Amino acid sequence: MRVTWTGGELTFRLDPEDEITGKASDEHPVKLATNSCSIGGVPDDAHPDLFAVAAWTVVAPWTRGRVSFDRAVSAEVAAALHDGWGVEAGPVGAEARQAGRTLAISYSGGADSVAAATIYPEAPFLHFQRVPHRRIPNRWPHYRSDVLAKLAATTGRQVTTVTSDLEYTLAEPRPGYPEHHAVAAGALLLADRLDLGGLGFGYELGSRWLGGGRYLHRYTADNPMWAPHGKWGRLFAAVGVHLVLPVGGVSEAITMRVALDSELRGHVRWCLRGTDGPCRTCGKCLYKELIQAAVERRPLDTPITADRPIARKWLRKPPYGGQEMIEYGLARVPGIEKTLFAPALDYFEATEESTSWLDHCYPPAIDEIPAPWRDQAAAFMTAEVGFMTEAEARRVETWGS
C-alpha cells in the first residue's frame, strides 16, 4: 500500500499483494470502492506519525505486506504496525510525537458518548461529520449527519467538527468506517493543534469486554480494537493520543441513565435517520427504546411490530450482539410479555437479580484509563454507579462461556 497526503486529501494505491475485499479488525468483510478521500479543516503541518496513523485507520483492511508513507515515520509507529498487523512500514526517520495534555471526547451525540462526556465536563468535543464524496454517489441519503453536527454545536462545549467523505471508501456493506478507528482520523490530524494526549470514546462494557456487536460474543479481555494493550491501543499510544474508554466498565443501561440525567439530555440522539427526533422505526431505535424503557421502568413504546425485518434479529435464537441488554430489558420492562419481544422470553430466564451486575462498573475498566484521567473516572463511578462485587465481575469474565 502506498499512501500520499496532499493537505487533507488522502490517496492510496494498492500493491499487488493487497486485496480489494479485506477484513476490519473485528473480522467484518469490507470491499473497497475508491482510493481517495478527504478530511476537512485539518492542518498541513501535523506530525508525520499522525498523518500515518490517520491513513492507517482507512487503509488497514486492504493492506497485506507493507505500507509506504509519503513522509518518514518514527521507529515507534513502524514497530507498532509490524507487531500489530505484520506489515513493514516506512520510510523510518522521524522522532516520535510526545503525548499532549488534553483529553478530548470523540462525540457522536449518542447516549454512550454523552455519558463519557458527562464524566469529563471540561473536555472539548471532536465531532466527525460525513459529507458527500465528489465521485461516489450517496447510497444512504437517510443518514442525517447534518442534524447531528448541528446538535453537537449547541451543547455549550468547545466543539471541533471534522468533515470527511472517508466512509465512501467502502463499497460493501455500505458507506461506513473501514475501521472503527477511522472516526478518529480528523482528531489525529488535529492532535498537535489541540495538544491531545487522549481521545475518549463512548464504547461501553458490551463493546469493550463482551465482544461487541458483530464479532466475538464472549468475554474478550484482549479485544483487538479497544484494549490498551491491543494493536490499536498500542498504535495510538505510539503517536501520543491514548485511547480512553470512560464508560468501558458499565452497561448501556448505565450510559443511558447517566446521559438522560445529564445537562446534555436534550442533545442525546442515537438515531441517524430522524430530523426532529429519533425516527422510532429503525433497529437502533428499537434497541435503545428497550434499554430506555428498562431504565425508566415503563412499558415499551414503539410502532415496530414483530413481523418487521429489523425486529427479527433480536428474536432469533441467541447469541447475538447486545444480548446482555436484551436480557436486562426483559427483566425490567413492565408488560414485556405482551410486546414484540415476547418470543425472546423463551430463550432467557432473566430476572432483576440475574442481571443486576449490569448496574455496576467493572473495576478493570478503570485501571485501563491512562493515569492523567483515571481518578476522575473512578470518582464518578464511585459516586454515581458503584463497582461490581467479585461475584458480579465473574459474570463479566464468564460471559459467553
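Just so it is clear, the model here is predicted, and its values are computed rather than measured. Atom set for the values below is all heavy atoms of this structure, side chains included, hydrogens, waters and symmetry mates excluded.
- Between the side chain of Ser113 and the backbone N or O of Ser108, at least one donor-acceptor pair lies under 3.5 Å.
- Within 6.0 Å of CD on Glu397 lie more than 12 heavy atoms contributed by other residues, nucleotides or ligands.
- Remark: side-chain polar atoms of His242 are not paired, donor with acceptor, to backbone N or O of Pro228 under 3.5 angstrom.
- Within the 3.5 Å criterion, the main-chain N or O of Ser25 finds a donor-acceptor partner in the side chain of Glu179.
- The residues Glu352 and Arg297 are annotated as salt-bridged, a charged nitrogen and a carboxylate oxygen being separated by less than 4.0 angstrom.
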Practice item. Evaluate the side chain to side chain donor-acceptor pair (under 3.5 Å) criterion for residues Thr154 and His267: first the C-alpha distance (whole Å), next the side-chain angles of each, then the deciding distance (0.1 Å), finally the verdict. Key: CA-CA 8 Å; Thr154 60; His267 295 82; 3.2 Å; yes
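- The backbone N or O of Gly386 lies less than 3.5 Å from no partner atom in the side chain of His360, so there is not a single donor-acceptor pair.
- Ion pairing between Asp359 and Arg332 holds under the 4.0 Å rule for side-chain N and carboxylate O.
- Asp367 and Arg374 are not joined by a salt bridge, as no carboxylate oxygen comes within less than 4.0 angstrom of a charged side-chain nitrogen.
- Atom CD of Glu390 sits in a sparse spot, with 12 or fewer heavy atoms from other residues, nucleotides or ligands closer than 6.0 Å.
- Around atom CD of Glu17, more than 12 heavy atoms belonging to other residues, nucleotides or ligands sit under 6.0 Å away.
- The closest donor-acceptor contact from the side chain of Thr398 to the backbone of Ser401 lies at 3.5 Å or more, if one exists at all.
- The backbone N or O of Ala221 sits less than 3.5 Å from a side-chain atom of Arg208, completing a donor-acceptor pair.
- Atom NZ of residue Lys317 and atom CG of residue Asp346 lie 12.0 Å apart, to the nearest 0.5 angstrom.
- No donor-acceptor pair under 3.5 Å is formed between the side chain of Asp165 and the backbone N or O of Cys37.
- Arg130 forms a cation-pi arrangement with Tyr168, by the criterion of a distance under 6.0 Å to the ring centre and an angle within 45° of the ring axis.
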**Message:** salt bridge (charged side-chain N to carboxylate O under 4.0 Å, His left out), that's the test. Do Glu76 and Arg97 meet it? Break it down for me.
**Reply:** CA-CA 9 Å; Glu76 288 81 356; Arg97 176 184 181 269; over 6 Å; no
Show the numbers, then the answer: is there a side chain to side chain donor-acceptor pair (under 3.5 Å) between Asp49 and Ser74? CA-CA 7 Å; Asp49 281 353; Ser74 70; 2.6 Å; yes
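- The number of heavy-atom neighbours closer than 6.0 Å to CD of Glu263, taken from other residues, nucleotides and ligands shown, is 12 or below.
- Residue Glu296 places its CD atom among more than 12 non-hydrogen atoms of other residues, nucleotides or ligands, all under 6.0 Å distant.
- When each of Phe128, Phe201, Trp226 is paired with His181, the ring pair (Phe, Tyr, Trp, His ring centres under 6.0 Å) condition holds for Trp226 and for no other.
- Between the side chain of Trp62 and the main chain of Val30, a donor-acceptor pair closer than 3.5 Å is present.
- A salt bridge does not link Asp15 to Arg64: none of the charged nitrogens lies less than 4.0 Å from a carboxylate oxygen.
- Counted within 6.0 Å of CZ on Arg312, heavy atoms from surrounding residues, nucleotides or ligands total more than 12; the atom is thus considered enclosed.
- For the pair Arg316 and Tyr320, the cation-pi test (distance below 6.0 Å, angle within 45°) is failed.
- Ring centers of Trp209 and Tyr362: under 6.0 Å apart, within the cut-off.
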- request: For Glu204 and Ser207, run side chain to side chain donor-acceptor pair (under 3.5 Å): C-alpha distance rounded to whole Å, both residues' side-chain angles, the deciding distance at 0.1 Å, then the answer.
  value: CA-CA 5 Å; Glu204 35 59 54; Ser207 297; 2.8 Å; yes
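- To the nearest 0.5 Å, the span separating CD on Gln376 from CD1 on Ile366 amounts to 11.0 Å.
- A cation-pi contact links Arg71 to Phe51, judged by a cut-off of 6.0 Å to the six-membered ring centre and 45° from its axis.
- Thr220 places no side-chain N or O within 3.5 Å of a backbone atom of Asn223 that could act as its donor or acceptor partner.
- In this structure, CG on Asp112 lies 4.0 Å from OG1 on Thr255, to the nearest 0.5 angstrom.
- Electrostatic pairing of Arg134 and Glu9 counts as a salt bridge here, judged by a charged N lying under 4.0 Å from a carboxylate O.
- Side chain of Arg157 to main chain of Pro124: no donor-acceptor pair is present (N/O by atom type, distance under 3.5 Å, no hydrogens or angles).
- Using a 4.0 Å cut-off between a side-chain N of Lys or Arg and a carboxylate O of Asp or Glu, Arg174 and Glu167 do not qualify as a salt bridge.
- The residues Arg280 and Glu289 are annotated as not salt-bridged, no charged nitrogen and carboxylate oxygen being separated by less than 4.0 angstrom.
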Residues Thr351, Ser354; criterion side chain to side chain donor-acceptor pair (under 3.5 Å); working and verdict:
CA-CA 5 Å; Thr351 65; Ser354 71; 3.3 Å; yes
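- Within 6.0 Å of the CD atom in Gln98, the count of heavy atoms belonging to other residues, nucleotides or ligands does not exceed 12.
- We find that Asp45 and Arg193 are not joined by a salt bridge, their nearest charged nitrogen and carboxylate oxygen being 4.0 Å or further apart.
- To the nearest 0.5 angstrom, Leu286 atom CG is 5.5 Å from Leu340 atom CG.
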